*Asks:* 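Please find one structure pasted underneath; my questions will follow.
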Amino acid sequence: MPAFALDPEQLAWCEELRTLAAEELRPLADAGEEGHVNRRLLAALGRSGLLGRLFAPDGRPASALDLCLLRESLAYACTEAETALALQGLGAGPLAIAGTDAQRERWLGQVTEGRAVAAFALSEPGAGSDAAALALRAEPDAGGGWRLTGTKKWISNAPFADLYTVFARTAEGAGSRGVTAFLVPGGRPGLSGEALEMLSPHPIGTLTFDGVPVTRDDLLGEVDGGFAVAMSTLNLFRPSVGAFANGMAQAALDAAVEHAGTRPAFGGRLRDLQAVSHQLAETATRIEAARLLVYAAAAAYDRGEPDIARRAAMAKLLATETAQQAVDAAVQIHGAAALQRGHLLEHLYREVRAPRIYEGASEVQRSVIAKELYR
Ligand code: COS
């Protein structure tokens, strides 16, 4: 395979995905309700086999590069479908990475058919970027299990998910070395939640754990080994957040090129103005660079290379920051029309902001990169 290009089969697959997103998934997304899980959309993602691409036949995570191609292509035409797919992967990621065969057998089929909605519950009101400060307690109970008590916040798909991968404190004062991952079905006694109204349209909420019982069968990996499970999941997903951003950036650029080519202005077309053409050229160059960095990071993950934390951080950082600039530039080129509710760019403007924060804010990514530089 050429070092910096996709092969013809991959390009054809991306084309197919964009068409599927525009023609079949877009109408289902439009029929959904903002802030709620769209189960018909998820079922369609299951039927089309796309959710099945998230996991290998043995239940382990599938190819990171395929995940990026999926996310970039779906995002180009239907961010709602993209995010619904990504959240199934992220929510079930700890299960795929650290679960037992029995756990995978019980859940992954339902997740890939779009019947069970998955969610990744790491962030808390007092622990966002500083994930090792999480405080939700797992206290041993008399039966050899634990009781979970505390709050998770800004959890995508909460409170509607059927399955949560939850990170809890099992050793006080131990920071990242005292965190354990659990698999918690949505119906467990003591678990409740509320939806939050956010800028981006996908569901996000708060979860309250009031002595929620978990057993050894619900453990994901080792006791006190949960932080590594969270970080491995994020290493897989961070490049793909960049891919999501690249898909949105390309959609914004294409819209801007189209608009600039047809809009009359100052006796010519908008694109004849150098201020506009240079902005388009600059944006196209940055998107190309971000795309290459994302593919390279994902391919490095698939090859099992050791410096994946750094490469994943760089890919997410560059792509999400680039996409913010690309969408902003496209809005500027369109002018007021882009800000009207329902315009593609109004939608992208709301969608593009959160990826610079979730799965590690840009500042966290820079810290990860700097730490590797100083090593
Ligand atoms: N991949 C693998 N291991 C990682 C890692 C990564 N990306 N990041 C950290 N680790 C490991 C470290 O190597 C260290 O391992 P040891 O205990 O064996 O030494 C351990 O995790 C703790 O790391 P560190 O000492 O760097 O911890 P800090 O608390 O200083 O910082 C950061 C950890 C900031 C990197 C982490 O909290 C983070 O990623 N925060 C963002 C969280 C996030 O993405 N939240 C979004 C949730 S999804 S919306």
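Just so you know, ligand 1 is whichever comes first in the structure, and atom 1 is the first atom listed for that ligand. For clarity, every value in this text was computed on a predicted model and none was experimentally measured.
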*Asks:* Going from CG on Leu253 to CD on Glu288, what distance comes out if it is rounded to the nearest 0.5 angstrom?
*Replies:*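 Taking CG in Leu253 and CD in Glu288, the distance rounds to 11.0 Å.
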
*Asks:* Would you say atom 27 (O) of ligand 1 touches the protein, meaning some protein heavy atom is under 4.0 Å from it?
*Replies:*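 No, because not a single protein heavy atom sits under 4.0 Å from atom 27 (O) of ligand 1.
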
*Asks:* Which class fits the ring pair Tyr358 and His202: parallel under 30°, tilted 30 to 60°, perpendicular over 60°?
*Replies:*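 Perpendicular.
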
*Asks:* Looking only at distances, can you tell me whether any N or O atom of Asn235, backbone or side chain, sits closer than 3.5 Å to an N or O atom of ligand 1?
*Replies:*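 N/O-N/O distance below 3.5 Å exists for this pair.
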
*Asks:* My question is simple, although I want it checked carefully: is atom 32 (C) of ligand 1 less than 4.0 angstrom from any protein heavy atom?
*Replies:*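 No.
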
*Asks:* Is atom 12 (C) of ligand 1 near the protein, in the sense that some protein heavy atom lies at less than 4.0 Å from it?
*Replies:*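 False for atom 12 (C) of ligand 1.
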
*Asks:* Could you tell me whether some N/O pair between Phe227 and ligand 1 is separated by less than 3.5 angstrom?
*Replies:*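 By distance alone, the answer is no.
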
*Asks:* Within a 6.0 Å radius of atom OH on Tyr349, are there more than 12 heavy atoms belonging to other residues, nucleotides or ligands?
*Replies:*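 Open: at most 12 neighbouring heavy atoms sit under 6.0 Å from OH of Tyr349.
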
*Asks:* Within a distance of under 4.0 Å, is there any protein heavy atom near atom 21 (O) of ligand 1?
*Replies:*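 So atom 21 (O) of ligand 1 has protein heavy-atom neighbours under 4.0 Å.
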
*Asks:* Number the atoms of ligand 1 from 1 as they appear, then name those within less than 4.0 Å of a heavy atom of Ala132, with their elements.
*Replies:*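 Counting atoms of ligand 1 from 1, those under 4.0 Å from Ala132 are 29 (O).
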
*Asks:* Could you tell me whether Ser176 approaches ligand 1 through its side chain, its backbone, both or neither, with non-hydrogen atoms closer than 4.0 Å?
*Replies:*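 Side chain only.
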
*Asks:* Counting from 1, what ligand 1 atoms have a heavy atom of Ala309 closer than 4.0 Å?
*Replies:*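 Contacts of ligand 1 toward Ala309, numbered from 1: 1 (N), 6 (C), 7 (N).
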
*Asks:* Which atoms from ligand 1 have a heavy atom of Tyr358 less than 4.0 Å away?
*Replies:*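 Listed by number with element: 49 (S).
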
*Asks:* Applying a 4.0 Å heavy-atom criterion (strictly less than), which segment of Leu234 is in contact with ligand 1: side chain, backbone, both, or neither?
*Replies:*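 Leu234 to ligand 1: side-chain contact only, backbone stays beyond 4.0 Å.
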
*Asks:* Using a strict cut-off of less than 4.0 Å between a Lys/Arg side-chain nitrogen and an Asp/Glu carboxylate oxygen, indicate whether Arg106 and Asp217 qualify as a salt bridge.
*Replies:*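 Between Asp217 and Arg106 there is no salt bridge, as every charged N stays at least 4.0 Å from the carboxylate O atoms.
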
*Asks:* Using heavy atoms and a threshold below 4.0 Å, how should the contact between Ala313 and ligand 1 be classified: side chain, backbone, both, or neither?
*Replies:*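 Neither part.
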
*Asks:* Under 3.5 Å, N or O to N or O, is Arg177 touching ligand 1 that way?
*Replies:*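 Yes.
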
*Asks:* In the complex you have, is atom 15 (O) of ligand 1 within reach of the protein, judged by whether a heavy-atom distance drops under 4.0 Å?
*Replies:*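 It does not; no protein heavy atom is within 4.0 Å.
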
*Asks:* Enter the distance from Glu139:CD to Asp141:CG here, rounded to the nearest 0.5 Å.
*Replies:*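 So the gap between those two atoms works out to 10.0 Å.
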
*Asks:* Under 4.0 Å, heavy atoms only, figure out whether ligand 1 is touched by the backbone of Arg310, its side chain, both or neither.
*Replies:*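 Neither part.
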
